[in-house]
There are 2 protein chains.
Amino acid sequence: MRYHHGDLRRALLCAAEEVLEREGPAALSLRELARVIGVSHNAPYRHFADREALLAAVAADGFRRLATGLAAADAAAPPGERLQATGRAYLDFARTHRALYLLMFGPGLRKSAHAELRDAARAAFDVLRDVVASAGIPPGPRARHGAIGAWALVHGLAHLTADGQIAEDLGADGHAMLIADVLESYATGLCATAG
Amino acid sequence: MRYHHGDLRRALLCAAEEVLEREGPAALSLRELARVIGVSHNAPYRHFADREALLAAVAADGFRRLATGLAAADAAAPPGERLQATGRAYLDFARTHRALYLLMFGPGLRKSAHAELRDAARAAFDVLRDVVASAGIPPGPRARHGAIGAWALVHGLAHLTADGQIAEDLGADGHAMLIADVLESYATGLCATAG
DNA sequence: ACCTGAACACCGTTCAAGT
DNA sequence: ACCTGAACACCGTTCAAGT
């Protein structure tokens, strides 16, 4: 006993991600987490107000890691390919953490009710905003719309893929070409309409 | 008693949509539907294999209505604005049927396991594909990617909005301008890169 | 502070009957 | 065929205790 030396909170978040990737977002129950860790079924309430608060903490962590990944891809990309590289990193995250991604953008997690989650999501978006801004579009509503559009585009691709609507008939190469084509179209249009 | 004259199935789907818009996708339980209609808690199993099958039927109906709405907007639009008009219709659907939209694209509804749902979703996408094809892009992988990109773009905007990530600080006018800008950028880029 | 067992009101799903 | 009540194994959440 006494498996957790005061870090039950960390143990819960860790177990949550494990269960999440193994069984999907819907199967994530507080009681199962408690069972996995080896504490009583209501011990989690010492650290989280309710189930949604725990899910929000997991999702916020996901957004933080997403932001880190986007920033790294952006920093490593040659100047002309920053949007492409960052978009690819976004899609990679969604593909390699499918269940986490679905949780982060799933219903039943009201961003407005969880400040930490809202801030983490905003920080991830800010990385994309900066990348788009660096494409040479003068600041203003057009630039802001351009950044939101870029986010919507990569998010739409990632979400439709995670949802199984896209790429069932595409191979891995086909999927990469799809992403390249779509991002190129958008970047081209963005620069053209911004002039 | 005998509220349903052999159309318990229809009564279930009808009640499901009502509960859905009122309480969100997560709260949709078979037992509550049975209670609302006034039958025993397991009567639904006469018409649906399980909870997911009922949700799939509701979602399939949503995709059929979405396809109808997209086709109507496309048909009513002047030649040069078909993509804009269809995209707006897509976003309108997501806004006016928020919970249904979240169900249609939510996790826990495996399209592969429900042929009716998969076909309905594909039919809705086919409308978008035709609109993009009519923009004068020669058939081929580029046109197919262009159609998927258009879907991803409007879906991303709709989903981020439904998720509360966008437009909290935008008014209704600002949202309309956002949509117009983003769709214009994409359409411009699509034609430019296809040449 | 942190954890426990018991309890309450819910679920989805199954099954043996009833008409 | 279609519906019923009882039952099983789960949930989230609360509460009165225990250390």
Side-chain angles (χ1 to χ4, degrees), chain A residues 1-59 99 102-103 106-110 113-114 117, chain B residues 1-59 99 102-103 106-110 113-114 117:
Chain A
M1 235 359 94
R2 285 225 134 282
Y3 157 85
H4 44 84
H5 319 277
D7 57 357
L8 175 57
R9 188 193 149 89
R10 186 173 303 273
L12 281 166
L13 292 176
C14 186
E17 281 215 54
E18 187 189 326
V19 171
L20 190 64
E21 293 299 332
R22 186 153 36 88
E23 311 185 36
L28 223 170
S29 79
L30 290 183
R31 286 178 106 112
E32 181 178 7
L33 293 184
R35 217 157 33 224
V36 165
I37 295 175
V39 294
S40 77
H41 64 262
N42 56 3
Y45 287 89
R46 289 295 129 195
H47 301 273
F48 298 99
D50 52 22
R51 179 178 184 269
E52 189 177 330
L54 184 142
L55 295 182
V58 174
L102 288 174
L103 172 68
L109 216 52
R110 298 156 304 141
H114 303 275
L117 175 57
Chain B
M1 241 348 101
R2 286 227 131 283
Y3 158 85
H4 45 85
H5 319 278
D7 58 358
L8 175 57
R9 188 192 149 89
R10 185 172 304 271
L12 282 166
L13 292 177
C14 186
E17 282 215 54
E18 188 189 327
V19 172
L20 189 63
E21 293 299 332
R22 186 153 36 88
E23 311 185 36
L28 224 171
S29 80
L30 290 184
R31 285 179 108 112
E32 181 179 7
L33 293 184
R35 218 158 30 225
V36 165
I37 295 175
V39 294
S40 77
H41 65 262
N42 56 3
Y45 287 89
R46 289 296 127 195
H47 301 274
F48 298 99
D50 52 22
R51 179 178 183 270
E52 189 178 329
L54 184 141
L55 294 183
V58 174
L102 288 173
L103 173 69
L109 216 53
R110 299 157 304 144
H114 302 276
L117 175 57

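Sequence lines set the chain letters: A, B, ... in the order given, protein chains first and strands last, and positions in each chain run from 1. Here the structure is a predicted model, which means the values were calculated and not measured.
With D/dA6, C/dT4, D/dG12 as the choices, the nucleotide that has an atom nearest any side-chain atom of A/N42 turns out to be C/dT4. Counting only heavy atoms from C-beta on, B/A43 has its side chain closest to D/dT4 among C/dC11, D/dT14, D/dT4. Here the nucleotide nearest the side chain of B/Y45, chosen from C/dC11, D/dT4, C/dT14, is C/dT14. Nearest to the side chain of A/D50, among D/dA6, D/dT13, D/dT14, sits D/dT13. For B/L30, the listed nucleotide lying nearest its side chain is C/dG12; candidates were C/dC3, C/dG5, C/dG12.
One interatomic measurement links the two molecules: CD of B/E52 to P of C/dG12, which rounds to 13 Å at whole-angstrom precision. Counting to the nearest Å, the P atom of D/dG12 and the CG atom of A/L12 are 12 Å from each other. In this structure, A/L33 places its CG atom 13 Å from C1' of D/dG12, rounding to the nearest Å. One interatomic measurement links the two molecules: CG of B/L54 to C1' of C/dT13, which rounds to 14 Å at whole-angstrom precision. For A/R51 and D/dC10, the CZ to P distance is 17 Å, given to the nearest whole Å. Rounding to whole angstrom units, CD1 of residue B/I37 and C1' of D/dC2 are separated by 14 Å. Residue A/D7 contributes atom CG, which lies 10 Å from atom P of C/dC3 at whole-angstrom precision.
Within the 4.5 Å cutoff, the side chain of B/L33 has heavy atoms near those of the B/L54 side chain. Side-chain contact between B/E23 and B/L28: absent, with no pair of heavy atoms (C-beta onward) separated by less than 4.5 Å.
Side chain A/H47 to base C/dA1: no donor-acceptor pair is found below 3.5 Å. The base of C/dT13 lies close enough to the side chain of B/R31 for a donor and an acceptor atom to sit less than 3.5 Å apart. B/H41 contributes a side-chain N or O that forms a donor-acceptor pair with the base of C/dT13 under 3.5 Å.
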**OP:** Run the numbers on B/L30 and B/H41 for side-chain contact (heavy atoms from CB on, under 4.5 Å), then give the verdict.
**Re:** CA-CA 7 Å; B/L30 290 184; B/H41 65 262; over 6 Å; no
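Considering every non-hydrogen atom in both A/S40 and A/A34, the closest pair reads O-CB, 3.4 Å. Residue A/L117 comes nearest to A/A56 through the heavy atom pair CD1-O, 4.0 Å, listed as atom of the first residue, atom of the second, then distance.
For the OP1/OP2 pair of C/dC2 and a distance below 4.0 Å, the side-chain nitrogens and oxygens of A/R46 include no atom meeting the criterion. Taking side-chain N and O atoms only, B/R35 has a distance below 4.0 Å to OP1 or OP2 of C/dC11. In this structure, A/S29 reaches the D/dC11 phosphate: one of its side-chain N or O atoms is under 4.0 Å from OP1 or OP2.
Using Watson-Crick or G-U wobble geometry with both donor-acceptor distances under 3.5 Å, C/dT4 finds its partner in D/dA16. Figure legend. C/dC10 is base-paired to no nucleotide; pairs are counted as Watson-Crick or G-U wobble with both atom distances under 3.5 Å.
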